[in-house]
Amino acid sequence: MENQYFTSDELNVKNRAFLLGDAVKVSFFVRNAKLIMDEECYFFLMASMRKMRMNIPLTYTLEFFQSLFQKNVIEEKGIENGIINFQVFRNSDGITLSKSSISYFYEVIKLDDVLAVHQRSLELDLIKEINVNNNLLSNIRVHSPENIYGGIYAQENDLDDVILLNPNKRIARTTSGNLLFLDGDVIKIPKQTEGSYISPLMENFITFLHKNNLADIQEHEIIAFESQKAEEILLISDEKGIFSVGKIRNKTFGNIRFLELIESWKGSF
């Protein structure tokens with residue numbers, strides 16, 4: 001099935017998303033014809049827009065988005081399981097940029113189950129010639145030339161994705177999401193101050209594990225070499241879904257424990 005696209009207005013190439021990358025993106029999730037984690041995703045959208053000094057319309061309530069997606073995505077398009085990648089961008093019609101109106105565009109990617117791990121394991125590698133910042137805007141999904149460069153590098157080297165480091169040469173994230181490193185009963189994740197994405201999908205997962213004492217969740221400053229020490233690695237991408245990492249350079253990884261944890265998590269919805 002082709003992806004479905006929706007816009008608030010007729011798209012014009014003379015918009016700041018196209019010309020300057022002046023936009024933020026947040027994903028919403030549909031499972032069994034219902035929105036899940038909608039509050040977490042909504043508040044992340046509001047926080048992202050505030051960080052970018054966008055003029056948030058008074059109509060942008062949680063109920064607005066619930067109604068929008070229920071009608072356009074679930075009812076009219078019949079999407080029962082999928083990811084809604086919602087992008088909001090600034091127009092050029094205000095006296096100042098902070099007063100300009102905003103428009104939106106969103107794409108719906110249909111999946112069998114947004115909480116399921118994709119069947120094919122990924123092959124990753126580190127990329128060292130570029131890095132990502134670890135400032136206030138590094139945690140939200142804004143225009144990132146590093147992601148574009150990293151994506152091309154991955155394609156040219158027959159990889160599925162690349163691991164991006166921060167200026168301190170520690171692991172931040174991949175081009176598409178966050179990494180979780182499992183060793184025994186400990187799951188290490190890079191701190192947000194390291195340049196990782198804020199991810200409602202990942203936060204929901206690790207909160208479930210913590211509350212049910214299924215794993216010891218630890219935020220760390222993770223050096224590149226530690227990627228080779230993990231027993232299993234999971235990639236959680238709000239934009240694309242959940243993936244097992246099968247190989248980084250010459251090291252291969254299992255996925256049995258993470259698959260068990262994901263199954264337990266799915267049962268909580």
Audit row: Met202, Asn204, side-chain contact (heavy atoms from CB on, under 4.5 Å) steps and yes/no:
CA-CA 5 Å; Met202 186 185 75; Asn204 192 289; over 6 Å; no
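- Side-chain atoms of Asn166 come within 3.5 Å of backbone atoms of Asn168 as a donor-acceptor pair (strictly under, hydrogens ignored).
- Aromatic ring pairs are classed by plane angle as parallel below 30°, tilted from 30° to 60° and perpendicular above 60°; the pair Phe28 and Phe65 is parallel.
- Heavy-atom minimum distance, Glu232 versus Gly254: CG-O, 3.2 Å.
- A donor-acceptor contact shorter than 3.5 Å is absent between the side chain of Ser244 and the backbone of Gly246.
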Between Asn72 and Tyr106, does the side-chain hydrogen bond (donor to acceptor under 3.5 Å, both in side chains) criterion hold? Intermediate values first, please.
CA-CA 11 Å; Asn72 290 356; Tyr106 62 95; 3.2 Å; yes
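- Side-chain atoms of Thr252 never come within 3.5 Å of backbone atoms of Lys247 as a donor-acceptor pair (strictly under, hydrogens ignored).
- Checked by atom type and distance alone, the side chain of Asn81 pairs as donor or acceptor with a backbone atom of Asn32 at under 3.5 Å.
- The backbone N or O of Glu203 lies less than 3.5 Å from a partner atom in the side chain of Thr207, making a donor-acceptor pair.
- No donor-acceptor distance shorter than 3.5 angstrom exists from the side chain of Asn85 to the backbone of Lys25, with no hydrogens or angles considered.
- Annotation: side chain of Val108 is not in contact with side chain of Phe69 (no heavy-atom distance under 4.5 Å).
- In terms of modelled atom types and a separation under 3.5 Å, the side chain of Asp113 and the main chain of Leu115 share a donor-acceptor contact.
- Considering every non-hydrogen atom in both Ile248 and Ser227, the closest pair reads CD1-CB, 4.2 Å.
- From Arg50, atom CZ reaches atom CG of Leu45 across 9.5 Å, with rounding to the nearest 0.5 Å.
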Would Asn91 and Ser103 count as a side-chain hydrogen bond (donor to acceptor under 3.5 Å, both in side chains) if you check the C-alpha gap in whole Å, the side-chain angles of each, and the deciding distance to 0.1 Å?
CA-CA 7 Å; Asn91 299 310; Ser103 298; 3.0 Å; yes
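- Checked by atom type, the side-chain pair Asp161/Thr175 shows a donor-acceptor distance below 3.5 Å.
- Ser27 and Asp238 get closest at one heavy-atom pair: OG-O, 3.1 Å.
- Under the 3.5 Å distance criterion, with hydrogens and angles disregarded, no donor-acceptor pair is assigned to the side chains of Asn147 and Arg141.
- A donor-acceptor contact shorter than 3.5 Å is absent between the side chain of Tyr197 and the backbone of Ser138.
- In this structure, the side chain of Ser268 engages the main chain of Trp265 through a donor-acceptor pair within 3.5 Å.
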Working note: Lys191 + Ser196, criterion side-chain contact (heavy atoms from CB on, under 4.5 Å); need CA distance, chi angles, decisive distance, verdict.
CA-CA 7 Å; Lys191 295 179 179 179; Ser196 64; over 6 Å; no
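- Defined by atom type and a distance below 3.5 Å, a donor-acceptor pair is present between the side-chain atoms of Glu146 and Ser144.
- Residue Ser100 forms a side chain to side chain contact (heavy atoms under 4.5 Å, CB included) with just one option from Asp22, Asn55, Asp93, and that option is Asp93.
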Run Asp125 and Arg249 through salt bridge (Lys or Arg N to Asp or Glu O under 4.0 Å) and show every step you take.
CA-CA 6 Å; Asp125 200 355; Arg249 296 188 174 175; 2.6 Å; yes
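- For the side chain to side chain contact (heavy atoms under 4.5 Å, CB included) with Leu111, the lone residue among Arg31, Glu80, His118, Lys240 that qualifies is His118.
- Here the side chain of Arg90 pairs a donor or acceptor atom with the backbone of Arg53 at under 3.5 angstrom.
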